[in-house]
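Accompanying notes for the structure given below.
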There are 2 protein chains.
Amino acid sequence: MEIHEPELREVPVTVVLAALADDVRLQIVRTLAEGGEYACGTFEFGVSKATRSHHLRVLREAGLTRTRVAGTSRYVRLRREEIDRLYPGLLDAVLSRAAPAVTS
Amino acid sequence: MEIHEPELREVPVTVVLAALADDVRLQIVRTLAEGGEYACGTFEFGVSKATRSHHLRVLREAGLTRTRVAGTSRYVRLRREEIDRLYPGLLDAVLSRAAPAVTS
DNA sequence: ACCCTTGTTCGACAATACTCGAACAAGGGC
DNA sequence: GCCCTTGTTCGAGTATTGTCGAACAAGGGT
């Protein structure tokens, strides 16, 4: 299957920002920012797998992640270098802000 | 009339990002980033004044702008210092990206 | 061959968000 | 007092988004 993975530089800035403007996707990005690859199933943030698949697609089509197919699994990783090159400071700024409180 | 102007630090990061994830609002922010105050009517970006008022409210309630009432006018300015303090690099990163092409 | 795991896609639904015209509110100028 | 300017609010329409269950696709293991 063909995976649609645009170049970050070709994605409108509003699309990039919108991709990051969601709690579930931000949690995914936080995990990805630890570095390395993660199977989709890693991201258990209280949504169904259909929803998770949707969010991963939004991130991918925003040019923020890259996906490698291996067997029945797909491994996702953050395109850190490109993001930092095109949007220096963006990721750090966003991730340094406290995660939304789960309790309280 | 009371103007609702939350502290930026109390606004969830997703709300801040969503506020910036719109072409019209990004154009407004680009103008505001030039510095100084602008009357609401300054922002003529092809939308009705009702829509413009809506976008300015979104920016204000995201903690990104401050509004001063003077007569029948309202003067808006960017809360640059707070934004740069809480999200260092964010504004520069977003604004340095090319504005969406009007032609082509 | 069969099943299990992993993940995507397809409706469908509810909730938001963007947009507008019209009505309204508040000042300023004459 | 009257009108014009500036801007907000309301109601409505349309589009987009987040969510899910169910169905589907593709591999791997046994």
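By convention in this document, chain letters (A, B, ...) are assigned in the order of the sequence lines, proteins followed by strands, and residues within each chain are numbered from 1.
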A correct 5'-to-3' footprint of nucleotides 19-30 of chain C, with B, S and - meaning base, sugar-phosphate only and no protein heavy atom under 4.0 Å, is BBB----BB---
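- Nearer the 5' end of DNA chain C, as judged by each residue's closest nucleotide, is the contact made by A:Arg57, out of A:Arg57 and B:Val58.
- In this structure, A:Ser96 has no side-chain hydrogen bond (donor to acceptor under 3.5 Å, both in side chains) partners at least two apart in sequence or on a different chain.
- Counting any heavy atom pair closer than 4.0 Å across all strands shown, A:Ser73 reaches sugar-phosphate atoms only and no base atom.
- Shortest non-hydrogen contact noted between A:Ser73 and A:Tyr75 is CB-CE1, 3.9 Å.
- Look at CD on A:Glu44: it is 14 Å from P on C:dT5, rounded to the nearest Å.
- Rounded to whole Å, the distance from CZ on A:Arg25 to C1' on D:dT19 is 12 Å.
- The side-chain contact (heavy atoms from CB on, under 4.5 Å) test applied to A:Glu7 returns A:Arg9, A:Glu10, A:Arg66, A:Arg79, A:Glu82, not counting sequence neighbours.
- Summarising the geometry, the separation between CG on B:Asp23 and P on C:dA17 is reported as 17 Å, rounded to the nearest angstrom.
- B:Phe45 places its CZ atom 17 Å from the C1' atom of C:dC18, with the value rounded to the nearest Å.
- Remark: C1' of D:dG18 and CZ of A:Phe43 are 18 Å apart, rounded to the nearest angstrom.
- Counting non-hydrogen atoms under 4.0 angstrom, B:Ala18 reaches nothing in the nucleic acid.
- No donor-acceptor contact under 3.5 angstrom links the side chains of A:Arg77 and A:Tyr38, judged on distance only.
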Using atom types as modelled, flag every donor-acceptor pair under 3.5 Å from a side chain in residues 11-22 of chain B to any protein atom, sequence neighbours excluded.
| residue | atom | partner | partner atom | Å |
| --- | --- | --- | --- | --- |
| B:Asp22 | OD1 | B:Val24 | N | 2.9 |
| B:Asp22 | OD1 | B:Arg25 | N | 3.1 |

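- One can place CG of A:Leu56 at 15 Å from P of C:dT6, the figure rounded to the nearest angstrom.
- Residues passing the side-chain contact (heavy atoms from CB on, under 4.5 Å) test with A:Glu44 are A:Arg52, sequence neighbours excluded.
- Between the CD atom of B:Glu37 and the P atom of D:dG7 there is a distance of 12 Å, given to the nearest Å.
- For A:Thr72, the side-chain hydrogen bond (donor to acceptor under 3.5 Å, both in side chains) test picks out no residue, with sequence neighbours left out.
- Taking atom CZ of residue A:Arg74 and atom P of nucleotide D:dG28, one finds them 13 Å apart after rounding to whole Å.
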